[in-house]
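Just so it is clear, the model here is predicted, and its values are computed rather than measured. All chains are named by letter (A, B, ...) in the order of the sequence lines, taking the proteins before the strands, and each is independently numbered beginning at 1.
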There are 2 protein chains.
Amino acid sequence: MNIGQAADQSGVSAKMIRYYEQIGLISPPSRTDSNYRVYGPDEVHVLRFIKRARTLGFSVEETSVLLGLWQDRTRASAEVRDIASSHIVALETKIAELQGMVKTLSHLVHCCAGDNRPDCPILDDLAGTPAEQTSKGH
Amino acid sequence: MNIGQAADQSGVSAKMIRYYEQIGLISPPSRTDSNYRVYGPDEVHVLRFIKRARTLGFSVEETSVLLGLWQDRTRASAEVRDIASSHIVALETKIAELQGMVKTLSHLVHCCAGDNRPDCPILDDLAGTPAEQTSKGH
DNA sequence: TCTTGACCTTACCATGATGGGAAGGTCTAT
DNA sequence: ATAGACCTTCCCATCATGGTAAGGTCAAGA
C-alpha cells in the first residue's frame, strides 16, 4: 500500500503521515526499490489510532504516550484513565474560558443598538470607557 | 514613556508591542535620540483596546478591524455588532466541539476500571476495537 | 568618573500541527 | 511513447507568542 492509500484508509493526510514519521511518532515503514513508502494493515491501524486520539483533542505528545500504552500489553488501565481524565479537565478549562468570552460578548451585543448610529457599547468596552464595564455595572 | 512602561500599563508585553507595530496593527511611535520608542497615554489606550479584544478571543485580524471602527467616528454600531455576533457564533462552535470531546471521553473514562489490569476501553476505542464504540452501543 | 544593573535596540530561532508548492522521479494505462 | 497520477525531498507559511544573543543607553551609587 502506498502512502496515498494509507492516507485514504486512515483519514490522516499523506503530508501528516510523513510528519509523524519525521517526529518519531510512528516508525519509518519499509520502502520499495523506488523508495516509495509501503504500508500494511498494521500501520493503518496505528494511523487510525492516532487520528482518533487527535480528533478527541489529545496533542501529538499525549497521543504518543497513549500509543506507547496501547502497545504495552502490561500497562495498567489506570494510567490511561489518568491521562484521559486530565485531558478532560484541560478541555473543561478551555470551555469555561470560551464561555466567559461568550458571556461578556453576548452582554455587549445585547446592549448595542446595532443601527446606523455610531454609539457602540462594544467598542466602549474594548476601549475601557467606564460607562459599560462588562460584568459589574448594568 | 518607554516600551517597558507602556507594556506594564497596557498588559501587552514589549515583545508583542513591537510585533503589533511590525505587522502594522499599530503605527510606529516616535523615537528618542537614542532610538528608544516613546509612548504616550493615547498609545497605551490603543494597546489596552487591543489587549481587551485579544482577551475576548478576537484574532489580531479582527482586532485590527475593530480598531479601525473604533477610530472611525462615523461608523455604524451595526457593523461592530455583526463582528461581535459572528465571533460569538465561532466561539460557540468551538465550545460545542470541545464539549463533544468531553462527552466521549467522559463516557470512556466512566467505562474504564482504572486499576492494575491492562483492559482499557479507552485504548480500545482509540484503536477502533468494536467492543466500545463511543456513542452507539451501551 | 567609573561601574553596575536595568533597560532598550535589532535579528534570528522555536513553538504545534498543518497546508502549499516546487523540482524531480516512478508507475500505469492508453 | 506519452500523459497523468502518483511518489520523493526540501523549503516556506501559518498564528501569536516567547526566548536568546549581541550590542547600545541610561540612571544611580561608590
Is it the case that atom CG in Asp115(A) sees more than 12 heavy atoms from other parts of the structure closer than 6.0 Å? yes
Look at atom CG of Asp8(A) and say whether more than 12 heavy atoms of other residues, nucleotides or ligands are closer to it than 6.0 Å. yes
What is the separation between atom CD on Glu61(B) and atom P on dA13(D), rounded to the nearest whole Å? 18 Å
5'-most by nearest nucleotide on DNA chain D - Thr32(B) or Phe58(B): Phe58(B)
Pairs under 3.5 Å (N/O, protein and nucleotides 6-9 of chain C):
| residue | atom | partner | partner atom | Å |
| --- | --- | --- | --- | --- |
| dC8(C) | OP1 | Ile3(B) | N | 3.4 |
| dC8(C) | OP1 | Gly4(B) | N | 2.4 |
| dT9(C) | OP1 | Arg37(B) | N | 2.9 |
| dT9(C) | OP1 | Arg37(B) | NH1 | 2.9 |
| dT9(C) | OP2 | Arg18(B) | NE | 3.0 |
| dT9(C) | OP2 | Arg18(B) | NH2 | 2.7 |
| dT9(C) | O3' | Arg31(B) | NH1 | 3.4 |

Asp33(B) atom CG is separated from dG24(D) atom P, nearest whole Å, by 17 Å
Can you measure Ile17(B) atom CD1 to dG18(D) atom C1' for me and round it to whole angstrom units? 15 Å
Can you measure from CG (Leu47(B)) to CG (Asp42(B)) and round to the nearest 0.5 angstrom? 11.0 Å
Integer-rounded Å distance: dA16(D) P and Lys51(B) NZ: 13 Å
Given side chains that start at C-beta, do those of Ile88(A) and Lys103(B) come closer than 4.5 Å, heavy atoms only? no
In terms of ring plane angle, is the pair Phe49(B) and Trp70(B) parallel, tilted or perpendicular, where the classes change at 30° and 60°? parallel
Which is true for Ser59(B) with a 4.0 Å heavy-atom rule: it touches a base, it touches only sugar-phosphate, or it touches nothing? sugar-phosphate
Output the rounded distance in Å from CD (Gln22(A)) to C1' (dT9(D)). 11 Å
Look only at the side chain of Gln9(B) and the backbone of Ala6(B), and say whether a donor-acceptor pair between them is shorter than 3.5 Å. no
Measure from the side-chain N and O atoms of Arg75(B) to the backbone N and O of Leu69(B), and report whether any donor-acceptor pair falls under 3.5 Å. yes
Between protein and nucleic acid, restricted to nucleotides 18-22 of chain C and to nitrogen or oxygen atoms under 3.5 Å apart, what atom pairs and distances do you find?
| residue | atom | partner | partner atom | Å |
| --- | --- | --- | --- | --- |
| dT18(C) | OP1 | Arg54(A) | NH2 | 3.4 |
| dT18(C) | OP2 | Tyr20(A) | OH | 2.7 |
| dG19(C) | OP2 | Ser13(A) | OG | 3.2 |
| dG20(C) | N7 | Lys15(A) | NZ | 3.1 |
| dG20(C) | O6 | Lys15(A) | NZ | 2.6 |
| dG21(C) | O6 | Lys15(A) | NZ | 2.5 |

Considering residues, nucleotides and ligands other than Gln99(A), do more than 12 of their heavy atoms fall under 6.0 Å from its CD? yes
